[in-house]
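What you see is a predicted model, and the numbers here were worked out from it, not measured in a lab.
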Amino acid sequence: MYNYETNFSANSIPESSNPPLSSSSSSSCNQGHRSSLILKTEEGGCICLLCFTNLISNPNSPTFHVSYAFSQLIHAVSQPSFLSHLLSYHFHLILSPLVHSLSSFDDEQICRQVIDLVSDLSDVGGFSVSADFVARIADVLSSGEFCWSRRQFYLLHCLGVLLTRQTDTYACIKDKTVLVNNLVTGLQFPSEEMRGEIMFVLYKICILQYTSKDEEGADVLLEYCPVILQLSLDALMKIQRDDVRLNCLALLKVLGQRGFLARTFSSELNMDTCEADDYSQTSNGEANGSSMSRLFAEAIKSPLLSPDIQVQTSTLDLIVNCLTCGDCSLKQIQVLVEENLADYIFEILRLSDNKDQIVSSCVQVLNLLSTAEDTFTQRLSLGFSTLVSVLPGVVEVPFHPIQPQMLKLVLDGISTSPGVVSVKLVEAISSSLALMLKRYTTGEMGMLPETFSTICSILVALVKSPSASGASILMATVSEASRHAILASLSIIDLSSCQLLHSLSLLKEAYSFSQKISSTRSNSPEMQLKNSVIEICQNHILPWFTTEINGLEEESVLGILETLHIILSQAHDTQALQLTHALLSNSWFSLSFRCLGLYPSEIMRLRVYLMLSTIVDNLLGDDSGGPIQTVSSTLPTDPVDLLFLLGQKNNFELSSCQTAILQILYISSLYDEMVADKKLILTSLEQFMLANSSHLLFGSADSNVIIYLLNLYALCRSFTKINYQICYSPDAEKIFFQLLEERDWDLSSCNIHPSSLRWLFQQEKITKSLSSQILKLCRNSGSNGTLVDSSVLNFQDIALLASVGDNLLPKVLVLLLKQCVGEDMLLEDVMSLLHFISLVINAFPHASDQLCMHGVDNAIQNLCSNMLCSSSLENDMIVSRFIFIILCSVQSQTLYCDEAWLAVIMKLLDSFTLRMKTNGWKEEHLLVLGVLSLVLHHSTHGALVETAKFILLNSSLAPLMRATVDGLFVNGSASIEQEEETDTEQALVFILLFSHFYLRSLQVVLPGNMDWQNFFCLPEKTCTLPSIGILCQDVCRFLHFGSSLVKLVASYCLIELLNGITDQQNGVNCSMGYLRSMVAILEGLVFHHDLRIAMNSGLCLSMIFSWEVPTSLVRNNSWCRTIVEELAKSLAAPCSVSTSFMNHHRPAVYITIALLRSKTVPPWMNSVLNEACVSGIIENLSPNNISVEVVLLFQQLLLSAYLKSDQIAKIDHLLQACRRCICMENNEDECIEENGRKVVTMSSDMGEVCEFLLEIMSSESHLDINTGGHHAKANRLMEETDLFSKLVAGNREV
């Protein structure tokens, strides 16, 4: 569109030229005109208006003179006094000449000057001046003698400028009809510029029609509208200039806004009408018989492809205006689509470079064209990729005006032509929409509800498209999108069902999509999507649904139930069970009946009961929920009504309902959820049994019904023990017990509530039935102990009963073991029972205490008497392993039947000796050594003392062990190193373990009866009673040459030997060389990488140094000095003393303490542990890193007078702070350390048996680093700090 407010400056002529107008000061001009027509300028010159008008009115006047005259007048008009005088007295003199000059001169510069002058005069003169100009120009254009020519261009232009600046002047046009008629005639003028000016004037007239009408109030454009439209569209189709196109588009748009365009389209006027023949021209002599709709489509194609963005935008706006008018029909839109208008729009989109204005207009047009569904579908499929390319720019802007239309088009494209959506497009669309949902959920952008719904629908359509399976990122994208959609829906305060239902639909389709691709890999995209959907249901939908159910619409509730039901039905076993457990753990049965209470409609009843049926299927398998599904339409919605039906007399129609009701009660009870009051449930169950006793006992009642009754009745009866106000029927109880005795049921194949199990195993009246069930359970669990978790559903609950003393299970197990080991025993039953009991102990080690209290030791005695040495080696191993399991898990205080265990050990030793003579050291022999070790271990706690004496005094073991040791040394001590990780090493470790427990038990059971000097006798001397056949020098050899494991066990053995000799006498009676060799071996192990070996070596050295050994052994020992110096430097060096750092130096601490305690302290001790060193150690310590060994060192330094008074004060203050820290930690951590004991299983190998014995051996050493838990170490540290405080107080008193 032209800018009609632009001022054009005229070129001035040189000063040397002679102007036609002179500046004479006389009373008249050169032509003799009167002075009143001569106006003076501020520069002193003057202008004769009559000369001026004569000049410009003469078409033959030289244009040079005319232009100069206009420039002078324009300059003078800029002077207020001149302009005021001109407008006041002479305006009408120049009015007509000025208008006439616009069409008289074919000179652009002159016309521009005229238009500028007219504009300036109109601006200053106001409405009256503008009105006169408009009226005069309109008169010229409306005259009957008017003829269109090139010279009318500027006349039209001036009129357009005036109408734009002064809109009120439109009313001054006298004959508007003639003017419009002439203008319409001018539209046929071939000049594009001329038609552009005419269109602009018509555009202004059309706009001004709203505010100004002629005297009769008629719309002068109405009768010319069809012709104007016809000619404008024809011109638009041919025009090549963008500025003219803009005028044409503006005219068409305003006509469309006033309804002219719609009325013309609706009437579909053809160009062959009489009126059109008068004004239109056809090309190539052919009549244009196409409709206006087709003409419109053809006309706008050219401007649509214009490089000018304003032209494109105006054209698109025209299309929108045309298609949004009320009279636009679907047929007209179809015509536009058939004329390939959509293809042009897609092309514009492709070339738009994502410019928002173009994109917005294009999308609006495409959205309007989409109403012609069938015709538009093919075009949309062709341009779909172009549409998707501009999608990100629209969706990333919050509340973008065209977001809904854009998303609707994308949804239409996917839905109508899914085949055109390539893998690349699937990924691009899903990524953009997922990001949009994420930003919406996090609050970064807002979103209209319809936009949210469309996004969900698009994603649903994407996962259903053929290309979905090939999109690598679609699984992850849909997972993220569904999560954000659900979270956004659940966070909306207004609980409208629309968004929630769409997000649920997306979630369902996402899960169905993941099911289409089979994958078992846990990290595959398919499994991740499945797990994500399950997680969303568990952690978001379910808790929200439970909280908000009262405020939800029925449609929303049904949508949630349907979604969960579909996922439960489609899920694989593991995932279905996971979601099922999550539902039931959130009181799903109560929630279901709340749904039925809030919305008692038929569809809700079906949905609730069908979902319960699926839950039962997932839990019990094999279409177990069939009874509920069959009667879902007849079951009551009130739980009380369900119980009423259950208590009725059984008949054919009622039977299915009662089975379904029992099933519902059974499943809900397993998850501690009662759908009604316990009293009502118990009463209903009793009525059911009393009314249908014959059918239950002697009829064809389903075995599942028996299981349901068993669990429910036992559970309700367990409540009566807690609440004595709940009464029960003895008659119903009698029927129940009779039912268990006479009907076939299987405890191992059904889920039973733990409280129901406990109550059942408390009833002595059904002991026989319970024993039968336990034996059946043992047989089902197999003889290898590997099928417990999969085949025995209640194993953990049953095993727990065996570990407590309020039921019959321990007694039943012992009785079964005694009965099985009889004259008519079945070996398979015995083995199964042993395996089962071992599994029970493995799950709950305290069960062994209960078994021992009920006489399992006597049963084991019978077992050994009947089976050991009389059956296969494999069975002997099972029996031995079972004995080991009992002894390793039982507490010593429950082993009070010493006679039975003595018989067991005697039988074991007989079997051991018999097989040892023929086979050598095998696993069975090592296992027996392990059993003997455990008996000796218990003897140190006061249990099985007589049995331990038998072992200690038995002479059959020593020769076997001695022979084994000698066999190792036959090729020299170094040969021991070659036995690492061999059967020989394993045998040696077990022998040493037995030796350790032997030595410990010897000190407790037979104190004073052993001359410990015997263990230190040299080989050539006589040993009075070396019962185990291993001497001290053997142990030292193992310490020096053995593997790390052998060294470890040997170090514990040496500690017991040195403890025995230390307690019996002051030192050992042996040669100096013997002692030096022992000390040298131990000193070499003080810095061993295994801290336990290093610690034991340090303790052994400390005991040796406490004897009355020669002074030279300590005073001249440079290695001891090196150990103490290393300890002092490390602890005193400026650093952070950590726990691991302190553990490394613990062995050296004990050696240092022993040296300080010796009667002859090495003289170098004062220089090593000097005042600076001790102060450095104190400075490095804090209340949090003090250990027991540090406190022991300070105690000995205090007793040895190595501490100064200020150092003592600092240490005492530090230890007090340490005590406060310990007290605070104990108050904060009130949890009790685990009482659970590690046990060996039937499937354990000898390595695990060895590891268990090592753990027991380590735990018996109170100074070992692994001793006790946190509280035990804290208590020991508290004791030592108290002792230091007492020593300080005693030192002060002295």
Side-chain angles (χ1 to χ4, degrees), residues 761-762 767 770-771 774 778 785 798-821 830 833-868 878-908 927-928 930-951 997 1001 1005 1235-1242 1244 1249 1252-1253 1256:
F761 278 95
Q762 289 172 342
T767 303
L770 293 176
S771 299
I774 291 297
C778 294
I798 295 173
L800 177 61
L801 292 178
S803 65
V804 294
D806 62 347
N807 62 89
L808 301 172
L809 182 56
K811 179 180 178 181
V812 169
L813 290 173
V814 172
L815 288 175
L816 280 174
L817 188 58
K818 290 179 178 178
Q819 292 171 4
C820 288
V821 187
V830 175
L833 186 59
L834 293 180
H835 275 283
F836 181 79
I837 295 175
S838 67
L839 291 168
V840 169
I841 295 173
N842 186 41
F844 296 96
H846 285 290
S848 59
D849 299 328
Q850 294 297 324
L851 293 172
C852 287
M853 287 167 34
H854 287 85
V856 75
D857 35 25
N858 292 316
I860 293 175
Q861 179 184 356
N862 295 337
L863 181 67
C864 292
S865 300
N866 286 277
M867 293 190 62
L868 283 181
I878 292 175
V879 173
S880 300
R881 198 177 291 271
F882 178 76
I883 297 172
F884 187 92
I885 290 172
I886 293 290
L887 290 175
C888 75
S889 57
V890 71
Q891 298 185 81
S892 299
Q893 57 266 30
T894 59
L895 292 170
Y896 46 80
C897 189
D898 208 349
E899 297 82 1
W901 284 107
L902 178 58
V904 170
I905 296 303
M906 292 175 65
K907 190 66 178 177
L908 276 176
L927 190 58
V928 171
V931 172
L932 298 178
S933 300
L934 289 176
V935 171
L936 295 174
H937 165 67
H938 286 295
S939 69
T940 60
H941 299 283
L944 306 182
V945 175
E946 295 301 321
T947 308
K949 288 181 180 179
F950 172 77
I951 298 172
F997 290 108
S1001 178
V1005 176
N1235 304 338
R1237 291 163 280 176
K1238 183 178 179 181
V1239 295
V1240 175
T1241 66
M1242 279 291 189
S1244 299
V1249 173
F1252 178 80
L1253 294 174
I1256 295 179

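- Rounded to the nearest 0.5 Å, atoms CD1 (I885) and CZ (F1252) are 10.5 Å apart.
- Contact annotation: the side chain of L927 never approaches that of I883 to less than 4.5 Å [non-hydrogen atoms, C-beta and beyond].
- Going from atom CD1 of I860 over to atom CZ of F882 covers 5.0 Å, rounded to the nearest 0.5 Å.
- Annotation for P845 and N842: closest pair CD-O, 4.4 Å, computed over non-hydrogen atoms.
- In this structure, the separation between CG on N858 and CD on E899 is 9.0 Å, given to the nearest 0.5 Å.
- Looking only at side-chain heavy atoms (C-beta outward), I841 and L851 come within less than 4.5 Å of each other.
- Considering every non-hydrogen atom in both C820 and L833, the closest pair reads SG-CD2, 4.1 Å.
- Judged by distance alone, with hydrogens and angles left aside, the side-chain atoms of D849 form a donor-acceptor pair with the main-chain N or O of Q891 at under 3.5 Å.
- Here the side chains of I1256 and L934 are in contact, with some heavy-atom distance below 4.5 Å.
- One N or O on the side chain of D898 and one on the backbone of E946 form a donor-acceptor pair closer than 3.5 Å.
- Of all heavy-atom pairs spanning V931 and S880, the tightest one is CG2-O, 3.9 Å.
- Taking 4.5 Å as the limit, some side-chain heavy atom of L809 sits within range of a side-chain heavy atom of I798.
- The minimum heavy-atom distance between T894 and V890, with the atom names listed, is OG1-CG2, 2.9 Å.
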side-chain contact (heavy atoms from CB on, under 4.5 Å), that's the test. Do L887 and H937 meet it? Break it down for me. CA-CA 10 Å; L887 290 175; H937 165 67; over 6 Å; no

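- For the side chain to side chain contact (heavy atoms under 4.5 Å, CB included) with L902, the qualifying choice from V935, T947, L944 is T947, the only one to do so.
- Taking NE2 of H941 as the reference point, atom OG of S892 lies at 5.0 Å (rounded to 0.5 Å).
- Here the closest non-hydrogen pair linking S771 and L816 is O-CD1, 3.8 Å.
- The line from CD1 of I837 to OG of S848 is 11.5 Å long, rounded to the nearest 0.5 Å.
- Contact of the M853 side chain with the Y896 side chain is registered, since non-hydrogen atoms from C-beta on lie closer than 4.5 Å.
- Taking 4.5 Å as the limit, every side-chain heavy atom of L813 sits out of range of all side-chain heavy atoms of Q850.
- Between I886 and C852, the shortest heavy-atom distance links the atoms CG2-SG, 4.1 Å.
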Could you walk me through whether L863 and L834 satisfy the side-chain contact (heavy atoms from CB on, under 4.5 Å) test, starting with their C-alpha distance in whole Å, then the side-chain angles of each, then the deciding distance to 0.1 Å, before giving a yes or no? CA-CA 10 Å; L863 181 67; L834 293 180; 3.8 Å; yes

Checking side-chain contact (heavy atoms from CB on, under 4.5 Å) for the pair S1001/I951: CA distance, chi angles, key distance, verdict? CA-CA 10 Å; S1001 178; I951 298 172; over 6 Å; no

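- V804 is not listed as a side-chain neighbour of F844, based on a closest heavy-atom distance of 4.5 Å or more.
- Here SG of C778 is found 11.0 Å from NE2 of H835. Values are rounded to the nearest 0.5 Å.
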Does V812 form a side-chain contact (heavy atoms from CB on, under 4.5 Å) with N807? I'd like the steps, not just the answer. CA-CA 10 Å; V812 169; N807 62 89; over 6 Å; no

